[in-house]
Each structure stands twice: as structure tokens, then as C-alpha cells.
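Input: a single structure, listed below in C-alpha cells.
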Amino acid sequence: MAKSESSGDTGRPWQSYHTVYTNAKAGMEGVDKEKVQRIVYEMSKGSKYFENEERKEAYIKQKIENMQDQIAKLTDADISHYQKVADKRILELEATRDLTRIWLHVDMDAFYAAVETLSNPSLNGKPMAVGSMSMISTANYEARRFGVRAAMPGFIARKLCPELIFVPVDFKKYTHYSDLTRKVFQNYDPNFMAASLDEAYLDITNACYERDATGGEIAEELRKSVYEETGLTCSAGVGPNRLLAKVCSDINKPNGQFVLPNDRMAVMAFISSLPIRKIGGIGKVTEHLLRDAFGIATCEEMLQNSGFLCALFSRSSADFFLSVGLGLGRTDAPEVKLRKSISNERTFSATDDEAFLYQKLADLAEMLSVDMKKEGLCGRTLTLKLKTASFEVRTRAVTLQKYIFSSEDILKHASKLLKAELPISLRLIAASMGYWSVCSLLTDQITELWNFKF
DNA sequence: TACATACAC
DNA sequence: AATGGTGTATGTA
């Protein structure tokens with residue numbers, strides 16, 4: 001092994017700056033990851049953002065070390081106890097396996113970028129990103145070849161790809177096209193579950209029976225129909241549950257599909273070598289933690305470490321990890337979920353000017369109140385989120401006696417929360433309201449007030 | 001209930 | 001010069 005490959009190398013500092021940008025993503029196969037990582041590091045190094053990322057990394061490292069200590073402290077008796085717990089739980093989870101439904105996950109290809117190209121065909125074939133110098137929402141496939149991707153700041157993207165074209169976000173446009181795709185989804189599952197503007201889950205079990213078609217045939221037909229209605233391509237995954245369908249839709253992206261049959265053996269074979277990071281819900285931190293504390297990289301290894309997982313994690317986390325190892329996921333009909341919170345936040349250049357901060361807060365309170373009135377909501381828990389100039393995030397909350405929704409009430413309470421933090425230099429303020437479960441009774445009164453005011 | 005973290009898009 | 005906005009879930013105290 002070359003000496004530079006060893007850990008603790010000081011010659012290549014960029015290797016220790018872990019961003020999310022080098023994570024495998026569709027369209028990024030041929031990318032020179034080393035180069036991308038070096039440029040991201042060079043552009044970030046020394047910034048407040050970078051320093052905060054380093055603090056976060058150190059915190060995670062600490063957490064991993066704590067976990068390693070806990071593992072080391074397990075006695076043989078503990079280990080055999082937790083293995084029994086795990087084996088029992090695996091059987092219980094296995095008993096919930098449902099192979100009777102066929103789920104399809106649709107994912108529009110580079111959605112925002114594709115919509116922008118549709119409305120400006122001269123962008124076709126050129127590297128392009130939707131977003132700004134501070135943040136990119138979506139990059140088209142030409143840009144991805146340079147390592148440019150969503151969630152990357154634009155100024156770094158431009159360094160990676162100097163000819164990159166920037167297009168500002170235009171949600172109205174994306175919502176319009178999203179609605180067109182949803183009309184198509186409706187034909188295959190009237191109760192389809194929209195996951196975002198560009199993603200949806202469909203239970204196509206009935207569609208398969210009605211049309212006497214396989215899941216793969218339905219997926220082909222649906223993608224063709226989406227293309228005809230919108231001029232946009234999408235990818236699809238078909239599998240026995242939502243978790244697996246989602247993984248599958250990523251496999252032949254863009255403009256492709258992958259079918260995982262409703263067969264236990266096929267599922268287990270599919271899941272066995274699958275990197276855990278491919279699973280929705282397992283992000284950068286969990287991947288890191290499971291790898292460094294347990295040596296887990298693939299879903300199969302979740303089962304091999306089942307005893308340790310049950311020993312070290314809460315019931316719900318352990319259940320999730322074991323389910324992943326078994327290739328289980330939800331197959332039930334999507335329940336109608338009411339939203340639990342509503343928020344507004346804005347980033348600005350960091351300042352400790354109190355008048356400015358209060359003005360920002362007033363603007364947010366006003367925007368939040370407008371949104372709440374639009375939705376007919378009122379709440380009694382108000383949360384103020386602050387991001388300091390050094391990127392530290394704090395939240396401060398109060399739960400009130402009565403439900404509120406007016407900008408005056410929001411501002412009155414939010415100001416108190418802000419005041420307690422002064423003096424402070426901030427780059428972001430957010431105001432959020434939640435917890436209106438018992439509040440539906442008040443809807444009529446709100447409507448009345450709303451009508452009275454206008 | 002309050003707060004911090006992790007995650008998704 | 002410069003690293004988003006909105007919402008959910010969960011662990012812990």
C-alpha cells in the first residue's frame with residue numbers, strides 16, 4: 001500500500017473534509033472524485049462554514065468513539081442476550097413481510113433543470129444548474145459530469161465547471177409541470193403518494209390486474225405517458241414495498257427503470273450487497289457511524305450485526321436497521337397526514353445590528369402569518385431558529401396558553417425569544433408555528449376573523 | 001415540553 | 001465574497 005493511502009496523511013488534507021458532494025449519484029460515474037474533493041476543499045477551507053463542518057465532524061467522531069467504547073464493554077453474557085433479542089425481533093419483523101403489493105416509485109430526471117431546458121431549448125446539451133452562486137438546487141447531466149450537483153454552492157460549481165450556466169429557480173414553473181405528471185400518476189393509482197414535486201409512490205397492484213400487465217410493463221407505459229404529457233423523462237423503480245421501489249428507481253437513472261420481483265429470495269439477493277447509503281433515511285452521519293463503529297457497509301451486514309445493533313440503539317432505530325437488512329418497507333395505503341408545523345426562514349449576510357434583526361423577525365412574522373391564514377391554521381408552539389455568524393444553529397421555543405396566528409402575536413412572542421439571545425451576530429432567522437391538533441374547532445373563528453379583516 | 005440532530009428534496 | 005428553505009422524525013433531558 002502506498003504510504004499516502006494511510007490514515008492521518010497530512011499531505012492531502014482535502015481527503016479528511018467529508019462533504020456530501022462525492023457521494024454516488026446518478027450521472028456522476030465518470031467523475032474524478034479526488035479532483036472534486038480537492039477543489040471543494042480549496043474553496044471552503046478557512047471559511048466559517050468550513051470551521052463549523054469541522055466542529056460537526058469532531059462531534060460525530062466523538063459519538064462514534066463513545067459507541068465503540070460501549071461495544072467494547074459488552075460482556076459475553078450481554079452479547080448472547082442481545083443476540084437472542086435480535087433473533088426474536090428478526091422473526092417478528094419477517095412475519096410482517098408483505099409481498100402482495102406492487103409499488104412503483106417515479107422520480108423525474110433532473111427535474112428543475114429539465115423543465116428549464118424545456119422552456120429554453122438553447123440550454124440543451126450545455127452544462128447548466130438551477131440555483132444561484134450560493135446554492136444549486138439541481139444540475140443537469142452535462143454539469144454532473146464535472147462533479148456539479150444539488151446542494152453545492154454555485155461558486156464552487158463554477159470552479160468545477162467554468163462554462164456552467166446558472167438559471168434561477170422558478171417554482172411556479174415546476175409546480176405546473178408537477179401537476180401534469182400527477183395527472184398521469186392518477187391514472188395508475190388514484191391514491192398515489194406525492195413525495196415532492198418530482199417524486200411519487202404508486203401502488204400499482206390494481207393497475208397490474210386491471211390491465212393484465214406486469215409491474216415493468218406498467219412502468220414503461222407510465223413513463224411513456226409522462227413523456228407525452230410533459231416532454232420530460234423520468235425513472236421508475238418497481239418493488240414489493242416503498243423502500244425498495246425507491247432504491248430501484250435510482251438504478252437505471254436517467255430515463256430508465258428497474259424491477260425487483262415480489263419474491264423473498266430475489267429481495268434478499270438484491271439487498272445483500274447493497275450499500276446502506278442507498279437506503280432512504282440513511283444519510284452521511286448514519287453511514288459513517290455504522291461503518292466506523294460496526295464495520296457495516298451493506299444491508300446484509302445489518303443482519304450480521306443484529307445483536308450489536310439491538311444492544312446499542314433504541315428500539316425504533318434497531319427495528320429500522322433490521323428491516324433494512326431484511327429488505328422490508330411499508331406497503332400500507334398512505335394515510336392522510338396533516339402537517340405539523342409551518343415555518344419561514346431567511347438567510348442574510350451576518351450582522352449583530354439589533355434593529356436589522358428585529359426588522360427581519362417582523363418580516364418573517366408577517367410572512368408566517370399570511371401563510372397560516374392562507375391555510376386556515378393557528379398554533380400554540382412558536383419556535384425561533386437562529387444561525388449564528390459561525391453557523392451554529394440554536395432553537396428557542398415557547399408554548400402559549402392560547403392559539404395564535406396574527407403577525408402581531410407571533411412577533412410579540414418571537415421578539416421575547418430573540419431578545420434573550422442578544423447581543424448576537426446572526427446569518428439566519430426562522431419562525432415556526434406548530435401543534436394545532438386541538439385547534440380545528442377554531443377554524444370557523446379564524447375564517448371569520450380573516451373575512452372581517454379584508 | 002424544549003432542544004439538538006439527522007434526513008429528504 | 002459567497003454554503004438554502006420547508007418539513008418530518010427521533011433521542012434525550
Side-chain angles (χ1 to χ4, degrees), chain A residues 17 19-21 23 25 40-41 43-53 55-56 59-60 62-63 105 107-108 110-112 129-138 149-159 166 168-169 171 174 178 194-200 243 246 250 277 279-290 312-320 337-350 364 367-368 371 375 380-387 389-400 417 420 427-435:
Chain A
Y17 180 46
T19 64
V20 83
Y21 314 129
N23 182 42
K25 234 211 149 196
V40 170
Y41 171 80
M43 298 296 287
S44 301
K45 171 180 67 171
S47 67
K48 298 265 188 242
Y49 176 82
F50 180 87
E51 285 168 11
N52 188 249
E53 288 299 297
R55 279 194 293 274
K56 276 160 53 183
Y59 171 79
I60 293 164
Q62 187 68 58
K63 220 165 116 178
H105 179 251
D107 193 338
M108 302 301 295
F111 185 54
Y112 299 175
V130 175
S132 69
M133 272 312 156
S134 351
M135 190 50 60
I136 285 174
S137 289
T138 312
R149 50 163 296 170
M152 179 181 272
F155 70 93
I156 296 180
R158 198 177 50 183
K159 192 81 174 182
F166 285 86
V169 288
F171 278 102
Y174 315 142
S178 180
S196 64
L197 285 181
D198 70 324
E199 276 183 39
L243 180 136
K246 163 106 177 148
D250 196 51
R277 187 66 159 89
I279 303 291
I282 298 187
K284 191 183 93 160
V285 173
T286 309
E287 178 190 36
H288 192 162
L289 193 142
L290 290 179
L312 277 274
F313 289 96
S314 68
R315 166 81 178 231
S316 69
S317 299
D319 272 2
F320 172 64
K337 287 202 283 187
L338 302 168
R339 88 148 112 198
K340 294 181 174 164
S341 69
I342 184 164
S343 67
N344 264 268
E345 69 185 62
R346 285 295 174 271
T347 293
F348 41 85
S349 49
L364 285 167
M367 288 190 286
L368 186 57
D371 289 350
E375 308 267 334
R380 59 188 279 253
T381 299
L382 170 66
T383 306
L384 182 70
K385 181 173 103 175
L386 308 173
K387 197 189 278 177
S390 51
F391 285 84
E392 180 207 346
V393 176
R394 290 183 205 171
T395 60
R396 296 291 178 259
V398 272
T399 297
L400 310 162
L417 294 175
R427 67 186 329 277
L428 170 143
I429 302 180
S432 160
M433 292 283 319
Y435 297 99

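Predicted model, so just to flag it, every value in this text is computed and none were measured.
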Identify whether any heavy atom of A/Arg158 sits under 4.0 Å from a base atom; if not, whether one sits that close to sugar-phosphate; answer base, sugar-phosphate or nothing.
base
Could you say whether A/Ser47 or A/Asn344 is positioned toward the 5' end of DNA chain C, judged by the nucleotide with the nearest heavy atom to each?
A/Ser47
Taking only the side-chain nitrogens and oxygens of A/Ser314, find out if one of them lies under 4.0 Å from OP1 or OP2 of C/dT10.
no
Starting at atom CG of A/Leu289, determine the distance to atom P of B/dA6, rounded to an integer number of angstrom.
9 Å
Are the aromatic rings of A/Phe171 and A/Tyr112 close, with centres under 6.0 Å apart?
yes
Any base atoms under 4.0 Å from A/Phe348, or only sugar-phosphate, or nothing? Heavy atoms, all strands.
nothing
At under 4.0 Å between heavy atoms, what does A/Lys284 touch on the DNA or RNA strands: base, sugar-phosphate, or nothing?
sugar-phosphate
Would you confirm whether A/Arg380, through its side chain, and A/Thr399, through its main-chain N or O, come within 3.5 Å as a donor-acceptor pair?
no
Nearest whole angstrom, please: distance from the P of C/dG4 to the CE of A/Met135.
5 Å
Between C/dG4 atom P and A/Phe166 atom CZ, what is the distance in whole Å?
15 Å
Name the nucleic acid region contacted by A/Leu197, choosing base, sugar-phosphate or nothing; use a 4.0 angstrom heavy-atom cut-off, strictly under.
nothing
Under 4.0 Å, counting only non-hydrogen atoms across every strand here, what does A/Lys387 touch: a base, just sugar-phosphate, or nothing?
sugar-phosphate
Residue pair A/Ala195/A/Lys63 against DNA chain B: nearer the 5' end by closest nucleotide is A/Lys63
Does A/Ser317 place a side-chain N or O at less than 4.0 Å from the phosphate oxygens OP1/OP2 of C/dT10?
no
Take atom NZ of A/Lys385 and atom C1' of C/dT6, then tell me their distance rounded to the nearest Å.
9 Å
Listed by chain and number, what are the ring-ring contact (aromatic ring centres under 6.0 Å, His included) partners of A/Phe155, not counting sequence neighbours?
none
Under 4.0 Å, counting only non-hydrogen atoms across every strand here, what does A/Ser44 touch: a base, just sugar-phosphate, or nothing?
base
Look at A/Ser432 and C/dG7 and indicate whether a side-chain polar atom (N or O) is within less than 4.0 Å of OP1 or OP2.
no
Nearest-nucleotide check on DNA chain B, A/Arg396 vs A/Tyr59; residue mapping nearer the 5' end is A/Arg396
Checking A/Ser314 now: which residues fulfil side-chain contact (heavy atoms from CB on, under 4.5 Å) with it, not counting sequence neighbours?
A/Ser316, A/Ser317
Quickly work out the A/Arg346 CZ to C/dG4 P distance and round it to whole Å.
13 Å
Remember a base hit wins even if backbone is also touched, and classify A/Ile136 as base, sugar-phosphate or nothing at under 4.0 Å, heavy atoms.
nothing
How many whole angstroms separate atom NZ of A/Lys340 from atom C1' of C/dG7?
11 Å
Rounded to the nearest angstrom, tell me the gap between atom CE in A/Met367 and atom P in C/dG4.
16 Å
Looking just at side-chain N and O atoms, do A/Ser341 and A/Ser432 make a donor-acceptor pair shorter than 3.5 Å?
no
State which of C/dA2, B/dA4, B/dA2 makes the closest approach to the side chain of A/Arg394.
B/dA4
Could you tell me whether A/Arg55 and A/Glu53 have a side-chain N and a carboxylate O separated by less than 4.0 Å?
no
By the 4.0 Å heavy-atom rule, please label A/Glu53 as base, sugar-phosphate, or nothing.
nothing
C/dA9, C/dG7, B/dT1: which one has an atom nearest the side-chain heavy atoms of A/Arg380?
B/dT1
Could you state the atom-to-atom distance from OH of A/Tyr112 to P of C/dG4 in whole Å?
16 Å
Would you indicate what A/Thr138 reaches in the nucleic acid, counting non-hydrogen atoms under 4.0 angstrom: base, sugar-phosphate, or nothing?
nothing
